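Before any comments, here is the structure.
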4 protein chains.
Amino acid sequence: MNEPRLGLAAHSARRRAELVRAAYELVTTRGYRAIGVDDIVLRAGVSHGTFYNYFANKRDILDAVLDHCFDVIRERLIGEDAIPASLDEFRARFGRIVDRCYDLVAGEPGLVNFLLFEAASIDDQVIERVMHNAQIDGAAAAQEVGLGIEHGYLDPRLDTRIAGEVMLSVLMSALLAAVHSGSVGLTRERVRTQLTDFLARALGVEP
Amino acid sequence: MNEPRLGLAAHSARRRAELVRAAYELVTTRGYRAIGVDDIVLRAGVSHGTFYNYFANKRDILDAVLDHCFDVIRERLIGEDAIPASLDEFRARFGRIVDRCYDLVAGEPGLVNFLLFEAASIDDQVIERVMHNAQIDGAAAAQEVGLGIEHGYLDPRLDTRIAGEVMLSVLMSALLAAVHSGSVGLTRERVRTQLTDFLARALGVEP
Amino acid sequence: MNEPRLGLAAHSARRRAELVRAAYELVTTRGYRAIGVDDIVLRAGVSHGTFYNYFANKRDILDAVLDHCFDVIRERLIGEDAIPASLDEFRARFGRIVDRCYDLVAGEPGLVNFLLFEAASIDDQVIERVMHNAQIDGAAAAQEVGLGIEHGYLDPRLDTRIAGEVMLSVLMSALLAAVHSGSVGLTRERVRTQLTDFLARALGVEP
Amino acid sequence: MNEPRLGLAAHSARRRAELVRAAYELVTTRGYRAIGVDDIVLRAGVSHGTFYNYFANKRDILDAVLDHCFDVIRERLIGEDAIPASLDEFRARFGRIVDRCYDLVAGEPGLVNFLLFEAASIDDQVIERVMHNAQIDGAAAAQEVGLGIEHGYLDPRLDTRIAGEVMLSVLMSALLAAVHSGSVGLTRERVRTQLTDFLARALGVEP
DNA sequence: AATGAATGAGTCTTCATTCAT
DNA sequence: AATGAATGAAGACTCATTCAT
């Protein structure tokens, strides 16, 4: 009846994902400390005990929530852009990503706030987890830099790994700007222009 | 030894201040939610019940902690600068304040983080309290703008109240930049230059 | 031994009833204010936390205790008398109920005292709860009056609802008399006679 | 300055009386268990510590409050009637006392309730204290019976002590009736008539 | 795997009492 | 005698975790 025919493993994975999803929504809206296992299982529609079949304890699900956060961020920011073939396309692509930062902050209120603000204060392992995810994205960014070098519009002398991290840092600035979009002189357009200019100057081949 | 010779009222005020100080240190390092009344009284060296002679409940001391936060900020940021008599002095003075933002973040780690991140998530009254303090500082800033207009280096058409708030916003940007000083392209010098330039352009008399 | 074979719901209901029973015994012997949740769970043989699985707080169980009080009263006072078919039988039946008031006071010392004395001082909702129960009994009494009218031994002009309430008031007098049975001139026999006479005169058909 | 010229002992007695008065008002309106030493000293306008200069602990003042309760009752019930010289005057005097029971319940709401309801549940010593006061009043009543016998309108075969206690019991019934004046068939007039009749029949000389 | 009742350590809060001044 | 700050035992309530079914 319920979700008929599902391999046990698949069912289990779905259950787990439901719990993570529920926890994600609660954590980003109300904060990790403010919610209880009660809230999570209530929202997921399972019993108290079931939670402990999937996670060792409350802290344990936080890792999965953090991973989910980055999944959401990637999904929302990357988009389905074509691989840029010129510096202008590279610049345009990054400009769209900056715009998507604003959309992300608007569409998932609390997500960025949670990562920037509460997460780090939970414990040191959170920071490790965030770093771990940042490394994954850094590697992806490094790969894009590599492509850019191959296409000839990024400076071939760049260390792709470092350049990838710079790209992430700039993205971080965009997210920060989006969160504090009220701050002085930080219109969306200015942020987009300044950050894309910065990246193009910093990574592009010299003219 | 017992702190000889102190009026009752003075003693009471000091005791209260000790509790606030203890709570301030704990809140800015470990977060409001993460600490208990136990931690506060342990650090203040008083008994459990004494806490409740000075504060109605755990939430109650938070207001005092917030006020203390702003006291610390004012003390650390204002400095003993002479009243600026020219736009250049005004600009220099604000540049020093931006520098002090970085010193503040370094010297009181956790203070700015707490205000920016956890505070707003505690309850709505926190926001009111922060706004209340911001208004006080806004008034002070407005007064400085007034002086600048009298001295002839700030634009006389300015609404001093609004201009004061703009100054605070810019200060906020400086604090944000100081907290996330790792972010790309946000060196202390660039931040100082850009923000002072912005203020000078925005508030100064037209050349 | 573990109370083998019990549906979950049944077990839950039993547990709850055990807590109510324990609280009832403590409240009627020592008073609501004088006992703690500790006392209740100790007597019920469960842990502290279990209490809060069944009741929101200490005040919450009081409602259940009050209802239990009325259950006990009904069980003890009603008896298994045949439905009276004449005024004499009606009078006899009420006389037996008056007697049972004395038995109730003897058998459940503290119950009537609690209801008459402490209950009202706890809060206003207690009074509502008592009234609610009184209305239930009033309806039952009204029904009996209706039967009496049908049988022709009670005055057909009676408003059954009001007459039911009068019956309750008289019962209340009986309980009061039973509690203060030491008072002068209030022998059980006199009380029984006077109250049954009163009711018969007040409700019976005119001779 | 304050209350100039008072012997120390007199001042002390007045202080003590103020505390008892404050406690009396609080106890009869809100109940002994529901109030704290805080409430008492606040109402009396003295400090926390002062309380313990006059009473060993919270329980200690209760004895004084109980005595004060009986002082109030005596003052309110006795009145300034002339000593009765005939059975009719005796009967009239007692009728007035019954009326004053109703006035007492109206004028000192909570006093009778407290004595009848909460007092006994505090501890066993309260009961002793009440009994002690009852004995005092019983002695006074016995004395009145003695006078009645001397005047020839009360039965000379009476044991005055026992007859005094009967008078108190009847008074108790009057108070109970006054408190529960809503109960069926217990109009003030009926109560007065029945109780005075009872006393006259029980104590008067045979016709 | 799922359930949810049971647990108990931990937290906040109250209040009678003590004591140095 | 008066003061009121300090105390700490006690009570109410929460919630992460366990476990028998």
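What you are looking at is a predicted structure, and each value in this text was computed from that prediction instead of being measured.
- Taking the six-membered ring for Trp and thresholds of 30 and 60 degrees, B:F55 and B:F51 have ring planes inclined between 30 and 60 degrees apart.
- Contacts between residues 26-39 of chain B and DNA chain E, defined by a heavy-atom separation under 4.0 Å, are made by B:I35, B:G36, B:V37.
- To the nearest 0.5 Å, atoms CG (C:L19) and CD1 (C:I40) are separated by 8.0 Å.
- Comparing B:F51 and A:S12 against DNA chain E, the residue whose closest nucleotide sits nearer the 5' end is A:S12.
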Protein N or O to nucleotides 8-10 of chain E N or O, pairs below 3.5 Å:
from, atom 1, to, atom 2, distance (Å)
E:dG8, N7, C:G49, N, 3.4

query: Where do D:V27 and D:I35 land on the side-chain contact (heavy atoms from CB on, under 4.5 Å) test, with the steps shown first?
result: CA-CA 7 Å; D:V27 162; D:I35 64 168; 3.6 Å; yes
query: Are D:L115 and D:I73 close enough, and set up right, to give a side-chain contact (heavy atoms from CB on, under 4.5 Å), and what steps lead you there?
result: CA-CA 11 Å; D:L115 285 178; D:I73 290 176; 3.6 Å; yes
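- The stretch residues 53-65 of chain C touches DNA chain F through C:N57, C:K58, each having a heavy atom within less than 4.0 Å of the strand.
- Nucleotide E:dA1 holds its P atom 14 Å from the CD atom of A:E18, rounded to whole Å.
- In this structure, CG of C:L42 is placed 13 Å from P of F:dA12, rounded to the nearest angstrom.
- In this model, the phosphate group of F:dA2 is approached by a side-chain N or O of D:R15 to a distance below 4.0 Å at OP1 or OP2.
- Whole-Å rounding puts the C:R14 CZ to E:dA5 P distance at 16 Å.
- Not counting sequence neighbours, C:Y54 has no partner by the ring-ring contact (aromatic ring centres under 6.0 Å, His included) test.
- At least one donor-acceptor pair under 3.5 Å links the side chain of C:E118 to the backbone N or O of C:Y32.
- Proximity of C:Y52 to the phosphate of F:dC13: a side-chain N or O atom is located under 4.0 Å from OP1 or OP2.
- Counting only distance, with no hydrogens or angles, the side chain of D:D123 and the backbone of D:V126 share a donor-acceptor pair below 3.5 Å.
- Remark: side-chain polar atoms of C:Q125 are not paired, donor with acceptor, to backbone N or O of C:D63 under 3.5 angstrom.
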message: Once pairs are restricted to Watson-Crick or G-U wobble with both distances under 3.5 Å, how does DNA chain E read as a dot-bracket string, [ ] for crossings and | for other-strand pairs?
response: .||||||||||||||||||||
message: Let's go through A:L111 and A:C69 carefully: what are the C-alpha distance in whole Å and the side-chain angles of both, what is the deciding distance for side-chain contact (heavy atoms from CB on, under 4.5 Å) to 0.1 Å, and is it a yes or a no?
response: CA-CA 7 Å; A:L111 166 55; A:C69 286; 3.4 Å; yes
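- Salt-bridge check for B:E18 with B:R15: passed, with a basic side-chain N closer than 4.0 Å to an acidic carboxylate O.
- A donor-acceptor pair is defined here as one N or O able to donate and one able to accept, closer than 3.5 Å; such a pair exists between the side chain of C:N133 and the backbone of C:R129.
- Side-chain atoms of B:T28 come within 3.5 Å of backbone N or O of B:Y24 as a donor-acceptor pair.
- A salt bridge (charged side-chain N to carboxylate O under 4.0 Å, His left out) check over residues 39-56 of chain B, counting only residues at least two apart or in different chains, returns the pairs B:E25-B:R43, B:R30-B:D39.
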